[in-house]
Amino acid sequence: FKRLALTDFKVEIPRMAKKKALKKALEDSDVLAKFAASNWGKKLATKVDKAKMTDFERYKAMVAKKKRNAEVGKALKKLQG
């Protein structure tokens with residue numbers, strides 16, 4: 001269980017539950033939506049979105065990042081000197 005990570009989200013299920021009961025309990029408790037709204041879930045969603053980006057989208061992101069960093073650098077220089 002090296003890659004097992006516990007969360008605060010909990011689903012009440014009976015012992016020896018069948019697959020149908022597990023699915024129903026998971027849907028009723030809305031745990032997946034709660035996890036998606038958590039910081040960890042958002043980080044995973046961002047990772048998936050980044051992996052789905054096309055070459056052009058990656059290029060646009062790089063250009064936007066360069067532009068933003070240039071603006072930050074100008075503002076920092078203005079504050080320092």
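Numbers for residues simply follow the sequence, beginning at 1.
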Identify, with sequence neighbours excluded, every residue that meets side-chain contact (heavy atoms from CB on, under 4.5 Å) alongside [X].
X     : answer
Glu27 : none
Ile13 : Val11, Leu22, Ala25
Ala21 : Ala17

Side chains of residues 67-81: which donor-acceptor pairs under 3.5 Å do they make with residues two or more places apart or in other chains?
| from | atom 1 | to | atom 2 | distance (Å) |
| --- | --- | --- | --- | --- |
| Asn69 | ND2 | Lys65 | O | 3.4 |

key: Pairs flagged by side-chain hydrogen bond (donor to acceptor under 3.5 Å, both in side chains) wherever residues 28-38 is involved - sequence neighbours left out   = Lys24-Asp28

key: Listed once per pair and sorted, the ring pair (Phe, Tyr, Trp, His ring centres under 6.0 Å) pairs that draw on residues 43-81, sequence neighbours left out   = none

task = Would you indicate whether the side-chain heavy atoms of Lys47 and Lys43 approach each other to under 4.5 Å?
result =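 Not touching, per the 4.5 Å side-chain cut-off.
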
query = What pair of heavy atoms forms the shortest contact from Met53 to Arg58, and how long is it?
reply =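 Heavy-atom minimum between the residues: O-NH1, 2.9 Å.
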
Taking salt bridge (charged side-chain N to carboxylate O under 4.0 Å, His left out) as the test, write out the residues that go with [X], two or more places apart.
X     : value
Glu12 : Lys10
Asp8  : none
Asp49 : none

task = Mind checking ring-ring contact (aromatic ring centres under 6.0 Å, His included) for Phe35 and listing every partner two or more places apart, or none if nothing turns up?
result =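 Here the qualifying residues are Trp40.
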
